[in-house]
J.: 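Sharing a structure below in structure tokens format, with a few things to ask.
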Amino acid sequence: MQKLAIGMFDSGVGGITVLKEVKKLLPHEHIIYFGDTARVPYGNKSPRMVTKYALESALFLLTKGIKLLIIACNTSSAFALGILQKKMPIPVVGVISPGSKEAVAHTRVKKIGVIGTRTTIKSMAYDRSIKKLDPDIQVFSKACPLFVPIVEEGLEHDEVARLMAEKYLKGLKRSGIDVLVMGCTHYPVLEYVIKETLGKGVEIVHSGKETAKEAQEILGRKDLINKRGRGKCEYFVTDAPESFKEMGGRILGEPLTLVRSPGNLDYKDILFSS
Ligand code: DGL
């Protein structure tokens with residue numbers, strides 16, 4: 001069981017920010033990453049489609065024989081965590097609860113900001129998760145839809161990133177938050193601009209980092225940590241691999257070598273079976 005892989009899925013390449021953290025904490029694990037690059041972005045799709053895609057991705061990973069499933073995508077976590085936890089025969093972790101826990105642990109003024117895709121923000125999943133932990137906390141949310149294409153275009157150091165951060169974060173800054181949750185896979189790439197815009201008084205929470213800790217904790221508790229493996233990462237993407245390799249390599253800081261198509265037959269079977 002310890003030798004089985006950890007499965008992770010995301011709408012595309014952004015989930016590599018989560019994989020990077022998992023790899024740091026669990027360096028001997030075999031990680032199988034599924035990026036739905038043909039259908040990205042999920043952030044402006046309906047809850048029904050996001051849930052359908054999540055089930056398909058999870059089923060594909062299950063056919064690979066995995067011991068834990070990580071939903072790296074915030075938008076998918078917002079809608080599909082409950083159903084996947086119910087349907088999957090293995091533990092399933094989403095990014096929203098770990099990010100919320102960390103934010104609640106750090107706020108002193110009980111005012112937390114959350115940024116994410118339109119669909120994640122509209123779902124109010126972070127609001128619910130934070131208020132469940134402490135009903136006295138006020139949550140201030142803001143959708144930042146242009147952050148994703150800014151990262152995907154490699155413009156994180158460009159003036160446009162700073163301008164958009166100022167525009168999106170202005171209201172949050174005024175609300176007096178002392179913690180901000182980056183509730184989208186891509187935002188950690190913009191962390192330094194976000195930090196600079198909000199100033200020193202606001203602590204930034206990276207949901208993916210907290211999720212990696214939770215994954216480590218779950219595997220540890222079940223004695224499922226691979227302590228001797230080579231630490232291989234395999235990637236399956238639903239569209240051509242070139243831009244995924246380029247962008248993913250940039251985010252991870254090392255080349256992505258094993259990038260493949262999920263395999264027509266398997267994937268089609270899953271895709272058209274419902
Ligand atoms: N992975 C998505 C998320 O974390 C961002 C990209 C998208 O919109 O699909 O919400």
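Ligands are counted one by one from 1 in listed order, and the atoms in each one are counted from 1 as well.
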J.: Between Tyr187 and His206, is the ring centre distance below 6.0 Å?
T.: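 Not close enough - the centres of the two rings lie 6.0 Å or further apart.
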J.: Identify, by atom number and element, the atoms of ligand 1 in contact range of Tyr42, meaning under 4.0 Å from any of its heavy atoms.
T.: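 In order of numbering, the contacting atoms are 7 (C), 8 (O), 9 (O).
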J.: Could you check whether Thr117 and Thr120, counting side-chain N and O atoms only, form a donor-acceptor pair closer than 3.5 Å?
T.: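 Thr120 vs Thr117: donor-acceptor pair found between side chains.
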J.: Tell me whether ligand 1 is touched by Cys184 - counting only heavy atoms on the residue side and a distance under 4.0 Å.
T.: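 It does; at least one heavy atom falls under 4.0 Å.
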J.: Report yes or no: is the cationic atom of Arg260 (NZ for Lys, CZ for Arg) closer than 6.0 Å to the six-membered ring centre of Tyr235, at no more than 45° off its axis?
T.: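 No - Arg260 does not lie over the ring of Tyr235 by the 6.0 Å and 45° rule.
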J.: Test of understanding: given a 4.0 Å heavy-atom threshold, classify the contact between Asn74 and ligand 1 as side chain, backbone, both, or neither.
T.: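 The answer is both, backbone and side chain.
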J.: Can you sort out which atoms of ligand 1 are near Val40, meaning under 4.0 Å from one of its heavy atoms?
T.: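 Reading through ligand 1 atom by atom, the close ones are 9 (O).
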J.: How does Asp10 reach ligand 1, by side chain, by backbone, by both or by neither, if only non-hydrogen atoms under 4.0 Å count?
T.: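 Side chain only.
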J.: Return yes when atom CZ of Arg228 has more than 12 non-hydrogen atoms of other residues, nucleotides or ligands closer than 6.0 Å, and no otherwise.
T.: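 Incorrect, the count does not exceed 12.
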J.: Which atoms of ligand 1 are found less than 4.0 Å from any heavy atom of Thr185?
T.: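 Those atoms are 1 (N), 2 (C), 3 (C), 4 (O), 5 (C).
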J.: Which of the atoms of ligand 1 are close to Pro41, meaning less than 4.0 Å from one of its heavy atoms?
T.: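 Counting from 1, the qualifying ligand atoms are 7 (C), 8 (O), 9 (O).
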J.: How far is atom 10 (O) of ligand 1 from the closest protein heavy atom, and which atom is that?
T.: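 Of every protein heavy atom, Thr75 OG1, 2.6 Å lies nearest to atom 10 (O) of ligand 1.
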J.: Gly43 to ligand 1: N or O pair under 3.5 Å?
T.: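 Yes, there is a polar N/O contact under 3.5 Å.
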J.: Below 4.0 angstrom from a heavy atom of Ser11, which ligand 1 atoms are there? Numbered from 1 as shown, please.
T.: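 Within the 4.0 Å cut-off of Ser11, ligand 1 contributes 1 (N), 2 (C), 6 (C), 7 (C), 9 (O).
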J.: Does Lys222 come within less than 4.0 Å of Glu217, counting only side-chain N to carboxylate O?
T.: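 So Lys222 does not pair with Glu217 through a salt bridge.
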J.: Looking only at the aromatic ring of each residue, does the gap between the centers of Phe236 and Tyr33 stay below 6.0 angstrom?
T.: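 Ring centroids of Tyr33 and Phe236 are no less than 6.0 Å from each other.
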J.: Considering the heavy atoms of Thr117, write down every atom of ligand 1 situated less than 4.0 Å from one of them.
T.: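 In order of numbering, the contacting atoms are 5 (C), 8 (O), 10 (O).
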J.: Are Ser11 and Asp36 close enough that a side-chain donor and a side-chain acceptor fall under 3.5 Å?
T.: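 Side chains of Ser11 and Asp36: no pair found under 3.5 Å.
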J.: According to the interplanar angle, ranging from 0 to 90°, do the rings of His157 and Tyr192 count as parallel (below 30°), tilted (30 to 60°) or perpendicular (above 60°)?
T.: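 Ring orientation of His157 relative to Tyr192: tilted.
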